[in-house]
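Take a look at the structure below.
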Amino acid sequence: MSAAELPASPPASSATLDTDVLVVGSGPAGASAALFLATYGTRTLLITKYGRLSDTPRAHITNQRTMEALRDMGVEETLMALATPWESMGNTTFCTSLAGEELGRIPSWGTDTVRHADYELQSPCTMLDAPQTITEPVMVQAAQERGARIRFDTEYLSHVQDDEGVTTSVRDRLTGAEHTIRSRYLIGADGARSAVAADLDLPFEGPGAVAGAMSIVFEADLTHLVAHRPSVLYWMLQPGAEREGVGLGVLRMIKPWTEWMLMWGYEVAAGPPTFTDEVVRELAVALVGTEDFEMRVRSASPWTVNHHFATTIARGRVFCAGDAVHRHPPTNGLGSNTSIQDAYNLAWKLAHVVAGTAGPALLDSYDAERAPIARQIVERANQSIADTGRILTALDLSDTTDVDKLEAALALRKAPGPEGEAVRAALREAIAYKAHEFAAHGVEHNQRYASSAVVPDGTPMPEYRRDPTLYAQPTTWPGAKLPHTWVTRAGHRVSTLDLAGRGSFTVVTGIGGAAWLAAAAELASTWGLTITPVSIGPGEPIEDPYGSWAELREIGDAGVLLVRPDLYVAGRHAGAPASAAEARTWLADVLGAVLDRR
């Protein structure tokens, strides 16, 4: 179902509506929150002031960690059928224009031979290029099918908290009628101009808007210029390209190779240009490098490059997620991914508190765990813009305004002799360094949590053996994501990640760990929980024929991991319990601490 086909909401009545969780906003954070909560069986209402879902293909890089969350929700295959597949994401190309000189390429998103194994070892999921025009309808439709209610044309106005819940005032934009919605909890996923975050008076750090950029979405068949070097992004070194914006001019593939987004900077102080047909065509011709193509413009809009993050992302019964609390440029492709992962972190906690299987203090861990991630990804995305400046430095340019100097620098890179050789070496190094943007596998997977929802085992966090920005390092250290590897069930290959999740806690042990499984069954029955039992080893329900789980688990055969519903390790015991009583005590203590049931 496309965004246009999603049913419009009827005019709201003046009566107060009631739900467990109200979600404001239908972007990646809001749509995924509704999906996760509905999947967990939590009564959820999503409202958006717009009359439809996103009609512009904004965020698009969908990384493995996000795909793991969507796999857990059962929508991975649906998304894969609609998105541009991993193998077509290819290179990132630096050039003067599509038809002009090519300065170099960098293999991106783990598609190259050298890095591909790193990506395959880390996750059962591929990366995808899936714009919001694809992801939002998939998530919202699945949320609706699982019981979430969706109301379009419903604008958030304000909210008031009390000891029992949140009363939110909204306006029906079709009728003008105002009414209230009563919920136990509220999620503000209403984007970079979040009214919910403003009403909460969340504290923000960072300079805010640091540059201006414009996006022009157009259709044009440019296959003959790019199909031989498939890329998601083509970066253009042209006069004025480094001014404002995201570091250089950009042509972004939306649909191979006939739909594109052009990005160019403008001075924030001066404001965006007027998008006349002449301005749009002139920019497109400059970046394509020829006038010999026809184009149909679908949209043109300005936006700001932000460096802004909230240091607190929740107050009381109200939680903010996505761009509402982390505002940054699209570099590194972190925006929608971090937004969806915010929701994945929060939703299971809300579901357990609403169901009465956890105390309200569990919700404090959302801020403790995700606020540091907001800072991390905002700073990483903005650093990637700064790193683009290395390309100008390699060409001995401070800017691109002097056309003659720019052309001389480009000519020197092709010249024989020591000077030309030095420029070529420096340019290769500068482009290769952009792996910190286009192959930042560690940024995507190495997020570690420290909160009341993680119980330390007394060991220090493992030191990174390689660059933690570039390389993922799996570990079962409490606060890290459960490592992926392939094991077997009845001889059929299955990921360790598929053994957990689906809204439940999981205990993972092996031969000699029967006491952990018995303790889990007893505790689940007593506390009204679902705890998934997993035993891995020869003759066990799950076998480890490759021996790879034994290498990754960092515990003995009879040790145990307690895994949260979001696939993070909540607690770890290295060896067998001394007795069944010790197993019950340890598991009750750890799970009780996580769920605020002590």
Side-chain angles (χ1 to χ4, degrees), residues 1-3 5-9 12 17-54 59 62 66 69-76 78-79 130 132-156 159 166 168 170 181-191 194 196 317-325 336-355 363 366 370 501-503 565-566:
M1 182 182 291
S2 70
E5 293 170 331
L6 285 166
S9 301
L17 300 176
D18 178 73
T19 188
D20 286 326
V21 181
L22 174 63
V23 180
V24 179
S26 59
S32 61
L35 169 61
F36 300 150
L37 287 163
T39 303
Y40 298 149
T42 304
R43 289 189 309 149
T44 304
L45 170 62
L46 182 151
I47 65 171
T48 173
K49 66 182 179 180
Y50 301 108
R52 60 179 296 165
L53 300 180
S54 177
T62 308
T66 295
L70 298 177
R71 179 187 181 97
D72 187 30
M73 295 298 110
V75 298
E76 178 191 25
T78 301
L79 197 58
Q132 282 179 236
T133 46
I134 290 175
T135 55
E136 285 181 21
V138 167
M139 292 190 292
V140 170
Q141 180 179 356
Q144 285 181 303
E145 291 170 348
R146 299 171 194 188
R149 292 178 293 167
I150 315 296
R151 284 182 173 259
F152 292 91
D153 296 298
T154 303
E155 182 177 7
Y156 166 90
H159 75 267
V166 185
T168 301
V170 302
I181 300 171
R182 183 68 176 168
S183 62
R184 294 179 64 178
Y185 298 97
L186 170 65
I187 298 176
D190 49 338
S194 172
V196 179
R317 292 177 172 269
V318 183
F319 308 86
C320 286
D323 289 356
V325 287
S336 63
N337 292 291
T338 306
S339 300
I340 292 170
Q341 290 160 37
D342 286 346
Y344 195 41
N345 179 287
L346 176 60
W348 72 267
K349 299 171 182 177
L350 284 169
H352 275 276
V353 173
V354 167
L363 299 174
Y366 172 67
R370 295 305 295 179
R502 294 180 294 283
D566 60 352

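When reading the values below, keep in mind they use all heavy atoms of this one structure, side chains included, and skip hydrogens, waters and symmetry mates.
Put simply, NZ on K349 and OH on Y344 are 12.0 Å apart, with the number rounded to the nearest 0.5 Å. In this structure, the separation between CZ on F36 and CE on M139 is 7.5 Å, given to the nearest 0.5 Å. Put simply, OG1 on T42 and CG on L350 are 7.5 Å apart, with the number rounded to the nearest 0.5 Å. Taking CD1 of I47 as the start and CZ of R149 as the end, the distance is 11.5 Å to the nearest 0.5 Å. Taken from CD1 in I340 to CG in N345, the straight-line distance is 14.0 Å, to the nearest 0.5 Å. How far CZ of R317 is from CG of L186: 11.5 Å, rounded to the nearest 0.5 Å.
Looking at heavy atoms from C-beta onward, L45 lies in side-chain contact with I181 at the 4.5 angstrom threshold. Within the 4.5 Å cutoff, no side-chain heavy atoms of L346 are placed close to those of D342. For the pair V170/K49, no side-chain contact is recorded, criterion being any heavy-atom separation below 4.5 Å from C-beta on.
A salt bridge links E76 with R71; the closest basic N to acidic carboxylate O contact falls under 4.0 Å.
Taking the six-membered ring for Trp and thresholds of 30 and 60 degrees, F319 and Y366 have ring planes more than 60 degrees apart, a perpendicular arrangement. Below 30°, between 30° and 60°, or above 60°: for Y156 and H159 the angle between ring planes is between 30° and 60°, a tilted geometry.
Between the side chain of S194 and the backbone N or O of D190, no donor-acceptor pair lies under 3.5 Å. Between the side chain of D20 and the backbone N or O of R184 there is no donor-acceptor pair closer than 3.5 Å. Between the side chain of E136 and the backbone N or O of S54 there is at least one donor-acceptor pair closer than 3.5 Å. The main-chain N or O of F152 is found under 3.5 Å from a side-chain atom of T154 such that the two form a donor-acceptor pair. Side chain of Q132 to backbone of A59: a donor-acceptor contact under 3.5 angstrom is found.
By the side-chain contact (heavy atoms from CB on, under 4.5 Å) test, S26 pairs with L46, T48, L53, sequence neighbours left out.
Checking T19 against R43 by side-chain atom types alone, no donor-acceptor pair falls below 3.5 Å.
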